[in-house]
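Taking it in order: structure first as structure tokens, then the write-up.
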Amino acid sequence: MWLNILQGTIEQGLAFSLLALGVYLPFRILDFPDLTVEGSFPLGASVTAVLIINGVNPFLATLLAFFAGMLAGMLTGIINTKLKITGLLAGILTMTSLYSINLRIMGRSNIPLLRETTILTVIKSWGLPERYVSLIVFTLLVLVVKFLLDYFLATEIGMALRATGDSPIMIQSLGGNTDHLKILGLGLANGLVAFSGALTCQYQGFTDVGMGIGMIVIGLASVIIGEVVIRTSKIIFATLGVVIGSIIYRLAIAIALQLGFAPTDLKIVTALLVILALGAPTLRNFMIQDEFAERLMERSVPDAQIK
Amino acid sequence: MLRLNKLHKIFNYGKVNENHVLKDINLHVPKGDFITIIGSNGAGKSTLLNLVAGVFFPEAGTVEINGEEVTAWPVYKRAPLVGRVFQDPLQGTAAEMTIEENLSLAVKRGQTRGLKLGLNKERRTEFRRLLALLELGLENRLECPVKLLSGGQRQALTLLMATIGDPQLLLLDEYTAALDPKTAKQIIAITDRIVTQHHLTVLMVTHDLKQALAMGNRTIMMDRGEIILDLKGKEREQITVNDLLAKFAARSGRELTDDRILLNR
Ligand SMILES: Nc1ncnc2c1ncn2[C@@H]1O[C@H](COP(=O)(O)OP(=O)(O)O)[C@@H](O)[C@H]1O
Ligand SMILES: [Mg+2]
């Protein structure tokens, strides 16, 4: 029984790791807190679902979902760079618009996909063992995406993209158009997020307009867990960390559920996790200061010992 | 090479805090000139360099580089022509990226960047050769993230990057101010070597008056948005730091004030 739960958890972690990569890219590479994610995840799912129930090839539907997400991310980039609206607000504006757009695309708030042809049912028909189809397909897809992303970030454009987040003044002085690079990076990231949404809806068998809520925090949690597990400044290990972080995050959630947490409480648990992880260095400083102050009070440390 | 015509820069135009920072600047810089720029704090030296680089645009007047009018070009578009080293050693390099990755960004100065890998064997060999010229041992640390380098090492790397990809004009804005004297000296020596080797035209802002006279072939002095002195040739060869201070007082009607200015006469 618990082996089944474990397998399901890993499958979810893999599907969501593409979302986590799409959060990693703006947050860690572009230094851009992008909230578009909350809208581009359900966008990917709704585009896929509508195309599939209208008989479009599921592979094509998934690919188109990627491009739809890319457009959404580029929109955020354009609002930010061309209209000079802060990145945070630009993302919120796109995300809010996408709620309406997603409802328009779907025509209703929920589309079931249970008896439809999805990429998983197609691949199953190729003769893969039914029990492991999702696991195998997701593992392969995630590996391919990870390596493509690694490769891209090592190309001339990809390096310029990294420099845009690291030192925009420098890359401009070397001829990089940081506006265009940002738009490209956000497009790519949200393409990945929508791709994740496309896989998730086919995996769980339905699309819901509210399925994007909390995705940014889930993505962040995965990124942060990944950074704790693999400390590195090398991209190839960092992206691996993000994938592993996403799986560990799902495992943690599964354990929380087994411990009796209500599913509705998971979002606050996730948020607390992120607050703790991001706030840890500051908290630690406070604690050190307090401890030192106490020591001074209690023992009145001689001056020479204070460094 | 560089021509500034009737250049005006006004910050916050039409607002209460309007600030007319550059007033009718005319400057012609022939190819190969190495100009040192001195002046009081807030005189507009950095603003002048920023207008040449395209960081700000002038309210009036034109900027011409190599016979081409570039007044409205943004920084990235001027990059093929202009290399820059900043006062803050942190600004000229990407901290999280390695030395070789930073250099590979410079190789594509002003060219279209594609989906080819940024690094390959030939490039690495070339980078090693270039880094060896700095004599800082960086040629053995290609894969070291730049954030682990000292300020001086980062500034030397920035200088190298600013001169890769064949820019014609080099802008240096108090780029040794944040370094200790010994490192500053080293960086100056490297600059001299690179500038001679590439026949670069240079604008260098400095607060070290002695250095201003020792380096380059021409010195301009700025005060309150104007060029109040333009020294070259014989006149410049014979002048001392004391004369310079006297001239400043005579032209501007006050003492040269900048708490960072180095007088070492
Ligand atoms: N981005 C800016 N916005 C508004 N005012 C500026 C800006 N940059 C510089 N200034 C003002 O322009 C004046 C000249 O500054 P600057 O060119 O940095 O002087 P210098 O480099 O000669 O010390 C100063 O009064 C400064 O406050
Ligand atoms: Mg200045």
Side-chain angles (χ1 to χ4, degrees), chain A residues 24-32 77 81-82 84 147-185 187-188 191 223 226-227 230-239 241-242, chain B residues 49-50 53-55 73-98 100-120 123 143-148 154 157-158 161-165 167 170-171:
Chain A
Y24 164 79
L25 193 60
F27 271 83
R28 287 298 190 238
I29 303 273
L30 281 177
D31 196 19
F32 188 110
T81 57
K82 302 298 174 193
K84 313 280 178 227
F147 283 115
L148 281 179
L149 186 62
D150 292 345
Y151 180 85
F152 173 71
L153 290 173
T155 62
E156 290 163 354
I157 298 187
M159 281 204 208
L161 200 78
R162 287 160 61 197
T164 299
D166 203 330
S167 179
I169 292 179
M170 166 266 218
I171 187 65
Q172 282 172 6
S173 82
L174 295 175
N177 183 337
T178 45
D179 285 359
H180 290 176
L181 288 163
K182 246 191 223 175
I183 294 169
L184 173 72
L188 200 63
V223 170
E227 284 169 353
I230 302 184
R231 289 174 184 280
T232 177
S233 59
K234 279 213 164 77
I235 298 281
I236 52 166
F237 296 124
T239 52
V242 172
Chain B
L49 257 55
N50 280 327
V55 178
W73 290 15
V75 175
Y76 73 88
K77 212 171 157 191
R78 296 188 201 190
L81 305 167
V82 182
R84 279 183 88 189
V85 184
F86 310 84
Q87 178 171 350
D88 180 358
L90 304 184
Q91 285 198 332
T93 44
E96 298 295 328
M97 299 173 74
T98 62
E100 57 182 8
E101 288 172 336
N102 271 278
L103 284 166
S104 79
L105 289 167
V107 172
K108 298 297 284 186
R109 169 188 297 280
Q111 299 170 31
T112 332
R113 293 165 206 269
L115 288 175
K116 275 191 295 200
L117 283 177
L119 287 164
N120 55 39
R123 282 209 180 138
E143 291 183 44
C144 172
V146 164
K147 65 182 171 194
L148 300 181
R154 279 181 83 155
L157 181 60
T158 308
M161 289 165 60
T163 52
I164 284 181
L170 181 62
L171 305 178

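Source: prediction; values computed, not measured. Order of the sequence lines sets the chain letters (A, B, ...), proteins ahead of strands, with each chain counted from 1.
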All inter-chain donor-acceptor pairs under 3.5 Å (chain A, chain B):
| from | atom 1 | to | atom 2 | distance (Å) |
| --- | --- | --- | --- | --- |
| Ala154(A) | O | Gly118(B) | N | 2.9 |
| Glu156(A) | N | Lys116(B) | O | 2.9 |
| Glu156(A) | OE1 | Gly114(B) | N | 2.9 |
| Ile157(A) | N | Gly114(B) | O | 3.2 |
| Arg162(A) | NH1 | Glu101(B) | OE2 | 3.3 |
| Arg162(A) | NH2 | Glu101(B) | OE1 | 3.0 |
| Arg162(A) | NH2 | Glu101(B) | OE2 | 3.2 |
| Asp166(A) | OD1 | Ala95(B) | N | 3.1 |
| Asp166(A) | OD2 | Ala95(B) | N | 3.4 |
| Asp166(A) | OD2 | Glu96(B) | N | 2.8 |
| Ser167(A) | OG | Gln91(B) | O | 2.9 |
| Ser173(A) | O | Arg109(B) | NH1 | 3.4 |
| Leu174(A) | O | Gly110(B) | N | 3.2 |
| Leu174(A) | O | Arg113(B) | NH2 | 2.8 |
| Asn177(A) | ND2 | Tyr76(B) | OH | 3.2 |

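If you measure heavy-atom distances from Val82(B) to chain A, the contacts under 4.5 Å come from the backbone alone. Interface residue Leu119(B): backbone and side-chain heavy atoms are both found under 4.5 Å from chain A. If you measure heavy-atom distances from Ala53(B) to chain A, you find no contacts under 4.5 Å at all.
Chosen from Gly118(B), Pro145(B), Pro167(B), the residue pairing most often with chain A at heavy-atom distances under 4.5 Å is Gly118(B). When each of Gly83(B), Gly165(B), Pro74(B), Ala95(B) is scored by its heavy-atom pairs under 4.5 Å with chain A, the top score falls to Ala95(B).
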